[in-house]
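Input: a single structure, listed below in C-alpha cells.
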Amino acid sequence: MSVTDAAPAGHVGRELRRKEDPRLITGRAQYVDDITLPGQLWAAFVRSSEAHAKIVSIDTSAAAARDGVRAVFTGEDMSDLGGPLPMAWVPPGVEVNNPEHWPLARGVVKHVGDPVAVVVGDDRYAVNDAVEDIIVEYDPLPAIVDPEAAIAGAPYVHEQFGTNKVHEWTLAGGDVEAGFAEADVIVERRVVNHRIAGAPIECRGVLADYRAGSLTLYTSTQVPHFVRLFMALLLGLGEDRVRVIAPEVGGGFGQKLQVYGEELFACWASRKLGHPIKWIETRTENLSVAHQGRDQISHVKMGAKRDGTITAFHVKILADFGAYNMILTPLIPSLGAFVMGGCYKIPNVQTDITGVFTNKCPTDAIRGAGRPEATQMIEVTLDQLAHELGMDPLEVRRKNFIPKEDFPAEVATGVIYDSGDYHKTLDKLMEHVDLPAFRAEQEKLRSEGVYRGIGFCTWTEICGLAPSRITGPNGVGVQAGLWESAMIRVHNTGAVTVYTGTSPHGQGLETAMAQIVADKLGVDPSVVEVIHGDTSMGPEGRNTYGSRSLATGGEAVAKATDKVVAKVKSIVAAELEAAPEDIEVANGKFSVRGSPDKGMALADVAGVAYIGAVPEGMEPGLEETTFYDPENFVFPFGAHACIVDVDRETGKTQVVRYVAVDDCGRAINPMLIDGQVHGGVVHGIGQALYERVYYDDEGQLNTGTFVNYALATAAEIPSFETDRTETPSPVNSLGAKGVGEAGTIAASAAVTNAVIDAVRPLGVDYLNMPLSPLRIWEAINQGQGASPEGGPQS
Ligand code: MCN
C-alpha cells in the first residue's frame, strides 16, 4: 500500500514506472562482464590462506610456464605506483594510524584473502588454473580477531604502531555526567552490531584498457569520478588521460563506494603489458575481500527522569576496522555520532569512538554506514529504558521527540536538523497498527504457545552527503568537497539529455530526474534521457552514496533546468513580443500568461536557439550546467513497526508484519521510494535475523558462500506496508531528502525490539543481534539473554 499526502500536479510526485527497467529486465543492459575488448587478457588473484603471516617465498615458476599464461606479478613488481591505496576522509581533527595498503601484499599478509600474486593470461580458465600452481610459503604470525582483545594489546596487526588502535574521536554536546546526575533511572547495555557483507547481485568486475597514453577503465563502481582521480594520482597520469565508466551496476550497497586494489592492478597491468586486462570477482572473493560493514561493540548508557524525560545518552563504540583503512573507514562510526540523539531532544549526548585493527577484511560503508548502528543503540536502549521505567515505549518516544516547532533544530551534537514532524509519522504509523488489539491478540496467542512480539523504531539520519564547507576540510590529500553537478542539453528536436554527476546503480534515478526536468520544460519524461557513470560525459561529479543523489544531484538537475528555462523564456518572450516574466509553461508549451493557445513547444524554442536567432547578446544553443553545493545535510525520518513470532521450541523468528511510515521530504516518485524502503528493510531484517560474517579464532572466514552467509530471501520476508508523510526540507528547492538507506537504518532495531517483546514472558529481556535461532533458544533455555551483555555471542 502506498498513500501520498498531496495529490501531485505534474510528473513530480507521480508513481511513474522506472525508465531503466525495460533494458534491465529484458537482458539488454550492459554490465562489465558483458564487455569484451580485442586482445583482452584475464587476471586472477592468489589470495592469502593465512590471517597474518610473513611471506617467505612465492614460487611462480610452474604457473608462469603454463600455456596461456602471459605474466605473473607479485607485490614487489608494482613498486612504481605513486602511492598506496587511499584513505580519503577522516573525522574532523583526528590522528589516524594508517598503514600502507598495496594492491598486492608486500612481504606480509594481514587477513585471509589479502592478494599476494596475480596471474595474467589468455582466458579466465587458464589464469584460474595457474593460480593453483603458485606456491606461497608463509611464516604464520599470531592473528588477532576479537576487537576487544585487539584493543587490549598484542599481538599487533601492524607492529610499527605498537598498538592496534586506529584512532580515537569524541563528539560531545552538553555534559553527560551532569545529565546522569539528574536522572532517576539509568540503563546500560552492551550493544553488538555484528559484521555483515554488502552482497550485491553483481560482484565486482574491472576491464582496464591503456592505449596511446590514455586509460579507459570499466568498473562496477558507485564512484567513477573518485576512481578516476585515484587511478590518475597512483599511476602518474593526468586526470584528462583517464576515463572511468561504470556501465550498468548490479547493486553496490556501499561496497562499491571504494577504490580497490583490483582496479589499480588492472590499470597498471594494462599499461605494462599493452593489453586490456579483465578481472571478474567470484562470489567467494566478494564475500571475503570486498569491504564489509558494521562490526561495532558499544557500551551505551541512557538516563531519564521518572516521567520518561531522557537526560543523557553516552555511547562508547569500539569499531572493528579489519586490517586496513579503506577510503572512508575511520569516518564510518562518526556518521552515526552526528545523529546519536536520534529524534529526541536530549540535552547531553556523547559518543566516544575507538577504531581498532584486527586480522580481518577491512570494513567501510555498507548501506546506512554508521547510522543503522546508532539507531540500534538509541532505539533498543530506549525500549530497555521504557521497560525499566514501567512506561509504554511509544509514550517515552513521544515525550522526548523534538517538537516540530523547533525546526530547524540544533541538536546537542551541533548539527542542525533541517525539518521534522516526528509525532506525525508515528501517528500515521499507529493508524496502521491497532496496538490495543495487538496486545489482546498477543495475550491470547501466548496462552496457545505462540510468542508474538511487536517492536518499534522511530528514526532519523543524516544524509544528502555534501556540503563542501563541512566535508571539504576532512579530506586526506584529495579534492574532498561534496557538491553535485548537472548538465542539461535540449536538442534541436526538443529531446532532452541530462548529464548527472551521480552514479546510480539500482535506485531508479533516471526516472526521478526525468520527472523533475519534464515538469520544468513542459515535456514528457520519456523524451528526457539521463546519462551517468562515465567521467568523459558531462561535468565533474561526486557520485552516489549517503542517500545524496536526489537531494544533491536531483537539485543540481533542477537548478540547471531552471537556467535552461530562463533562457527559453527570454527566447519565447522575444518571439511573442512579451516580457520574460510573463512566460509560463503549461500544456507542453511556453506561452504568455493568460494566452495559453499562443505559445511555443520546447522543440520550436530549440530550433530558434540552434539557428542562432536569439535575442541580442544571448549565446546560441540550449544547454546549461550547474554545480550545486547545499548549505546543509538533510535529515529524513520515520516510524517503523515490526511484528514477529518466535518459536519457543526452536528459537526461530518469523517476521509476520512490517509497517514503515517514512518521511523523505517531498516525494519525487513514491514508487521509487517504496522500492527503496522495501530493499532497505530487507537489508535490516537480514542483518537482525540471518546475515553474519563470521571469522573463527584463527581469522579463517567461515562465511565465504551463500550457503553459509544467509542472505534473506523472499521466502523469509513478508509483504511490506508502506506509507509516508511529507515534511519538505528547506535545504533544497525540491524540498527533498534521501531515502536510499532509510529502511536499513530503521529495520534492525524494530526487529530486535519485536523479538525482545516476544520473549520477555520467557524471562529474556535483552538480546543482541544476530537473532539466530540458536541465540534465542539459548537465551530462553539458559536465561542468558536477561543479562546486560545480551546473551551468548556465538
Ligand atoms: N527519491 C524520491 N524522492 C525523494 C528521495 C528519493 O523519489 N524525496 C528516489 C530517488 O529518485 C532515487 C531513490 O529514491 O531513485 C533513492 O534516492 P536517494 O535517497 O537520493 O539515494 P541515492 O540515489 O543517493 O542512493 C544511494 C543509496 C545508498 S547510500 C545505498 S547503499 C543504496 C541505496 O541507495 N544502495 C542501493 N539503494 C540501493 N538500491 C539498489 N537497488 N541498489 C543499491 O546498491
Side-chain angles (χ1 to χ4, degrees), residues 2 4 8 11-16 18-21 24 196 198-202 220-223 246 248-258 293 328 335 364-372 461-466 482 484 500-516 525 530 532 541-558 633-634 636 662-684 724-729 731-732 734-745:
S2 158
T4 46
H11 297 289
V12 165
R14 281 197 195 286
E15 297 203 336
L16 215 67
R18 302 191 342 163
K19 281 166 72 70
E20 40 278 83
D21 280 353
L24 293 171
I196 57 167
I201 293 178
E202 184 205 17
S220 184
T221 184
Q222 299 171 220
V223 286
E248 215 69 74
V249 173
F253 308 109
Q255 187 192 79
K256 294 176 184 171
L257 188 196
Q258 196 52 265
L328 298 175
L335 292 174
D364 202 312
I366 294 291
R367 200 174 196 169
R371 287 96 86 212
E461 63 131 335
I462 181 169
C463 70
L465 290 193
L482 296 180
E484 203 40 88
T500 170
T502 66
S503 197
H505 45 278
Q507 292 85 352
L509 275 155
E510 292 174 30
T511 307
M513 287 180 173
Q515 288 173 267
I516 294 167
V530 179
H532 54 79
R542 282 294 179 262
N543 310 145
T544 290
Y545 43 85
S547 300
R548 71 187 303 272
S549 304
L550 201 275
T552 61
E555 178 69 7
V557 166
F633 304 90
V634 288
D662 294 302
D663 191 319
C664 57
R666 187 158 167 232
I668 304 302
N669 183 332
M671 196 186 271
L672 294 175
I673 292 172
D674 275 349
Q676 288 296 303
V677 172
H678 289 183
V681 169
V682 174
H683 221 135
R724 68 186 56 82
T725 61
E726 290 194 26
T727 308
S729 170
V731 172
N732 55 64
L734 296 170
K737 307 183 183 188
V739 73
E741 295 157 289
T744 312
I745 289 168

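Quick note: residue numbers are just sequence positions, from 1. Atoms within a ligand are numbered from 1 in the order they appear, just like the ligands themselves. Everything quoted here is computed from the prediction, not taken from an experiment.
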Pair Asp663 + Lys737: basic N to acidic O under 4.0 Å: no
Test of proximity, Gly251 against ligand 1: N or O pairs below 3.5 Å: no
Main-chain N/O of Thr544 paired with Gln222 side-chain donor or acceptor, under 3.5 Å: yes
Distance from atom 3 (N) of ligand 1 to nearest protein heavy atom, with residue and atom: Ile668 N, 3.1 Å
Student check: side-chain heavy atoms of Met513 and Ile668 closer than 4.5 Å: no
Closest protein heavy atom (residue, atom, distance) for atom 11 (O) of ligand 1: Ala512 CB, 2.9 Å
Subset of ligand 1 atoms that lie under 4.0 Å from at least one heavy atom of Gly508: 15 (O)
Considering all heavy atoms, the nearest His11-Gln515 contact: O-NE2, 2.8 Å
Subset of ligand 1 atoms that lie under 4.0 Å from at least one heavy atom of Leu672: 11 (O), 15 (O)
Which segment of Lys737 sits under 4.0 Å of ligand 1 when only heavy atoms are counted: backbone
Atom 16 (C) of ligand 1: nearest protein contact (heavy atom, Å): Gln676 CG, 3.9 Å
Closest protein heavy atom to atom 14 (O) of ligand 1, given as residue, atom name and distance to 0.1 Å: Val739 CG1, 3.5 Å
Protein contact to atom 7 (O) of ligand 1 [nearest heavy atom, distance to 0.1 Å]: Asn669 N, 3.0 Å
His505 and Lys256: CA distance, side-chain angles, deciding distance, side-chain contact (heavy atoms from CB on, under 4.5 Å) verdict: CA-CA 10 Å; His505 45 278; Lys256 294 176 184 171; over 6 Å; no
Distance filter under 4.0 Å to Glu741 heavy atoms, resulting ligand 1 atoms: 28 (C), 29 (S)
Per-atom contacts, ligand 1 versus Ala736 - under 4.0 Å to a heavy atom: 8 (N)
Shortest protein heavy-atom distance from atom 12 (C) of ligand 1, along with the residue and atom involved: Gln507 O, 3.7 Å
Shortest protein heavy-atom distance from atom 41 (N) of ligand 1, along with the residue and atom involved: Gly506 O, 3.1 Å
Inter-residue atom distance Ser220.OG - Gln255.CD, 0.5 Å rounding: 9.0 Å
Close approach of Gly254 to ligand 1, heavy atoms, under 4.0 angstrom: yes
Contact check, side chains of Val249 and Thr221, non-hydrogen atoms, under 4.5 Å: no
Cys664 neighbourhood, listing ligand 1 atoms whose heavy-atom distance to it stays under 4.0 Å: 4 (C), 8 (N)
Asn543 backbone acceptor or donor facing Glu484 side chain under 3.5 Å: yes
Sub-4.5 Å side-chain heavy-atom contact between Glu510 and His532: yes
Contacting atoms of ligand 1, where contact means under 4.0 angstrom from a heavy atom of Leu509: 10 (C), 11 (O), 12 (C), 15 (O), 23 (O)
Spacing of CG belonging to Asp364 relative to CG belonging to Leu257, to within rounding of 0.5 Å: 6.5 Å
Short side-chain to backbone donor-acceptor contact, Lys19 and Pro525, under 3.5 Å: yes
Sub-4.0 Å heavy-atom approach of Gly546 to ligand 1: yes
Atoms of ligand 1, numbered as shown, that sit under 4.0 Å from any heavy atom of Gly252: 43 (C), 44 (O)
Numbered atoms and elements of ligand 1 in range of Tyr545, under 4.0 angstrom, heavy atoms: 29 (S)
Ligand 1 contact on Thr502 by region, counting heavy-atom pairs under 4.0 Å: neither
Worked check of side-chain contact (heavy atoms from CB on, under 4.5 Å) between Thr511 and Met671: CA-CA 11 Å; Thr511 307; Met671 196 186 271; over 6 Å; no
Ligand 1 versus Arg666: contacting region, heavy-atom distance under 4.0 Å: backbone
Heavy-atom pair with the smallest gap, counting every atom of Ala667 and Val12: O-CG1, 4.4 Å
Protein residue, atom and distance nearest to atom 17 (O) of ligand 1, heavy-atom basis: Leu550 CB, 4.2 Å
